[in-house]
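Protein chains get the first letters and strands the later ones, always in sequence-line order, with residue 1 at the start of each.
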Number of protein chains: 2
Amino acid sequence: MVSFIPVLAHSDFSFSNLPWAAVRWSDGSIHLATRIGDRVLSLKALRAAGKLASWPELDLETFNRFIDRGPEAWSAVRAELIEAYREGSSWEHDSKRALCECDWQDAPAVLPVSIGDYSDFYASRQHATNVGMMFRDPENALLPNWLHLPVGYHGRSSTISVSGTDVVRPNGQRKGPNDPTPVFGPSVKMDFELEVGIILRGGPTDASWISVEKAEEHIFGFVLFNDWSARDVQQWEYVPLGPFLGKNFASTMSPWIVSYEALQNSRCAGEAQEAPLPLPYLQQNRSSSHWNIELEVALATPDGQETVVSRSNSSNLYWSFAQQIAHHSINGCIIRSGDLMASGTISGNDPDSLGSMLELSWNGSKPLALHDGSSRTFLEDGDTVVLRGRAQNGGRIGFGECRAALLPAKRWQK
Amino acid sequence: MVSFIPVLAHSDFSFSNLPWAAVRWSDGSIHLATRIGDRVLSLKALRAAGKLASWPELDLETFNRFIDRGPEAWSAVRAELIEAYREGSSWEHDSKRALCECDWQDAPAVLPVSIGDYSDFYASRQHATNVGMMFRDPENALLPNWLHLPVGYHGRSSTISVSGTDVVRPNGQRKGPNDPTPVFGPSVKMDFELEVGIILRGGPTDASWISVEKAEEHIFGFVLFNDWSARDVQQWEYVPLGPFLGKNFASTMSPWIVSYEALQNSRCAGEAQEAPLPLPYLQQNRSSSHWNIELEVALATPDGQETVVSRSNSSNLYWSFAQQIAHHSINGCIIRSGDLMASGTISGNDPDSLGSMLELSWNGSKPLALHDGSSRTFLEDGDTVVLRGRAQNGGRIGFGECRAALLPAKRWQK
């Protein structure tokens, strides 16, 4: 299917994509939107023009209430958009059409959902193994629970921002093995984490659970997610209750939520789970439990020059998204529409497929050479981190950039 | 100061208290409210009757927007309420007054704030020591970071409910030291945690922080908080990212938020912090850094018979609430109005001042005798846990009960 709106071959936003975002429209208000090529389409304006009449939730500033409507509604809206924007549609020449579109550069994105709770998993075996080797025991890098359950923890919703929002290097406590007492100051081990997140539809509220078989019915869509980390702060604080200030200062989310439906032709198998076999509530046919989303991390130095420092793939997760959802809700924990679950850092087996500076520089021992001639162990002020991701479905199904610059720490004074 | 509404000597709701809650009013809608003795006063109805004219935020269903107005607003509303309800006020005989009041039993409470993010600390030294002795190393029970920073983690907002909401025993994975592989089923180590929480006013959003000196300006008020815990689930899952499904199935909050101002005559000193001295951003004059709030936990068996199993005090915290806030925000983490920070289990030095069954029964090795003739190591289905707390300020300043019953687990099936 082709749209009358032109789409360049390298565009993330083919006509099969039709992702979701919230944007600041020309009148200054927030509109929910989709995109074809370089054109952003306001769903609110389309409704004012007589389209999408059954979905008043699309007039709101976030997708939360629309997500409540469920997969059939999401699919129906996509079908209406395809019908309106396909080649040959009468809408192409409708006088009201111009009011519904603008160039993507004129519609800056804001957060598309109100995120009630954000949880972060640790679902890549290679990442968990690498961290275990560096910080705990190289001989027993994976902790005993790791192959039995998708380890996860709760993160901070208040500091999740959309691509383009600067991140400030945090102050905090750290204590290296040679420091007699902890020291205070800006983190000296600033890192990114390459993750994929899912935006969820709410689940039961009666202390029951979402089964692994039905879990994907709760995936509204996918985002790229940079879980910024201050490794030195994290390492000192994290026992016994987990990461806190080393993570909760900032996370960056891609502006576009790629819908579950758009990625249906990009399914792939997941790694077998036989030794050990998970408990029954986590058992899942692995033949199409994963997604083939190509991922990359680019590091741009202050001069704007980019070096791609990692190429990974969401198929590198050991625990699937369905398993993450099933595990998260097995105890009756309530999932609300708009909640975010992120995968944890997605690292592959190759040295250039690692999803964090911690792993790429092996905790600072192996500097990375960048195209501007400099090198990095961790991030420096003025660096910009860009995550990109794409699948194929006829055309390219991409997320746009998940981009943020790192600014210098604020100077603490009493 | 005395009100024309009678207050019995043992009432939690003396005229000095004037706590905040949201209740379901006789017309079915949610009203923000306060309370004197057994009478609930609707702030929305008072506004309709011409009182509290400057505070339209009190017409809403949560306090979040009113909290944004800041301490002077909170204090001004208290002063207006005292003026209207003091003995001798003309309001006593005003015909509109009856529309603004009802008996507390006719106004069931709902959650008084929309909680964006909930964080839980671990601020009682005795509790952290006890847990460290049981699960890690009795000789080095406190981990190296504990005396340097208030250890905390993020919890789940979606499953915080108000007193009176039943809790269902969660299913989950556990693996004891003698189990060859993890087993699945209802938790067999159900526990409460006696905590005090604070409801916060939002802080800076520009990556700066709230200083320890100004931290208390961000405390709207205090609640009792039961951080229900499934110890067996928690123990198996918690490395390395902290508690998750062992906690996030339910937390119970007292209906009444006791205001910061009402507790100003209940300040007390905190334990000295000299070995080690905290870093400067956490240093605080300890002479009145804490609150003297008497706490108790009662366990009611299914026949309704109560046994008080613990008596503690919020002064048993090592890290003050101001230190918790200052630490939480030192990295630029954004605090929003309505956010909740809880203290962690508040245990004292005496054997009957421990704030969890885990500690009271020493992980199941010392059963507790109850008044109905039965005994407990952990909680049984049908048990009800009631937290109570009170300070004195002329009359009693209490929270009402933080009460919830434990129901049997739902039966999992594929």
Side-chain angles (χ1 to χ4, degrees), chain A residues 116-117 119-120 122 131-132 136 143-145 148-149 151-159 168 170-173 175 181-184 207-209 211 230 233 236-246 248-250 276 279-281 327-328 330-336 339 407 410 412 414, chain B residues 116-117 119-120 122 131-132 136 143-145 148-149 151-159 168 170-173 175 181-184 207-209 211 230 233 236-246 248-250 276 279-281 327-328 330-336 339 407 410 412 414:
Chain A
D117 283 292
S119 307
D120 197 26
Y122 190 54
V131 172
R136 287 178 289 267
L143 287 165
N145 57 13
H148 292 282
L149 55 85
V151 170
Y153 68 107
H154 289 290
R156 186 85 186 170
S157 297
S158 67
T159 45
V168 177
N171 289 299
Q173 283 196 34
K175 182 180 171 302
T181 57
V183 296
F184 178 84
S208 60
W209 43 83
S211 70
V233 173
W236 170 232
E237 75 175 354
Y238 90 101
V239 285
L241 301 185
F244 192 46
L245 302 195
N248 66 12
F249 57 94
L279 282 162
Y281 80 96
H327 182 65
H328 202 318
I330 190 64
N331 68 345
C333 181
I334 296 171
I335 315 294
R336 295 178 291 192
D339 283 355
L407 304 187
K410 300 216 168 194
W412 182 81
K414 188 82 181 177
Chain B
D117 282 293
S119 307
D120 196 27
Y122 191 54
V131 173
R136 287 177 291 267
L143 287 164
N145 57 13
H148 292 281
L149 55 85
V151 170
Y153 68 107
H154 288 290
R156 186 85 187 171
S157 297
S158 67
T159 45
V168 176
N171 288 300
Q173 282 196 34
K175 182 180 172 303
T181 56
V183 296
F184 178 83
S208 61
W209 44 82
S211 70
V233 173
W236 170 233
E237 75 176 354
Y238 90 101
V239 284
L241 301 185
F244 191 47
L245 301 195
N248 66 13
F249 57 94
L279 282 160
Y281 80 96
H327 182 64
H328 203 319
I330 189 63
N331 67 345
C333 181
I334 295 171
I335 315 292
R336 295 178 291 191
D339 283 355
L407 302 187
K410 300 217 169 192
W412 181 82
K414 189 83 182 177

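Residue contact with chain A, scored on non-hydrogen atoms closer than 4.5 Å, is absent for B/Ser211. If you measure heavy-atom distances from A/Leu407 to chain B, you find no contacts under 4.5 Å at all. For chain B, the nearby part of A/Leu143 is the side chain; its heavy atoms alone come within less than 4.5 Å. Of the atoms belonging to B/Val183, it is backbone heavy atoms, and not side-chain ones, that fall under 4.5 Å from chain A. With a 4.5 angstrom heavy-atom cutoff, B/Trp412 touches chain A via backbone and side-chain atoms both. Interface residue B/Leu245: backbone and side-chain heavy atoms are both found under 4.5 Å from chain A. Using a 4.5 Å cut-off between heavy atoms, A/Leu279 touches chain B through its side chain atoms alone. Contacts between A/Pro276 and chain B at a heavy-atom distance below 4.5 Å are absent for every atom of the residue.
Across every non-hydrogen atom of A/Trp236 and B/Pro144, the tightest pair is CH2-O, 3.4 Å. For the residue pair A/His154 and B/Arg156, the shortest heavy atom distance occurs at CE1-CD, 3.1 Å. Closest approach of A/Tyr238 to B/Pro240, counting heavy atoms only: CD1-O, 3.4 Å. The shortest non-hydrogen separation linking A/Val239 to B/Asn145 is O-ND2, 3.0 Å. Taking all atoms of both residues into account, the shortest heavy-atom contact from B/Thr159 to A/Ile334 is CG2-N, 3.4 Å.
Side-chain rings of B/Tyr153 and A/Tyr153 stay apart, their centers remaining 6.0 Å or farther from each other.
The backbone N or O of B/Ser157 sits less than 3.5 Å from a side-chain atom of A/Asp117, completing a donor-acceptor pair.
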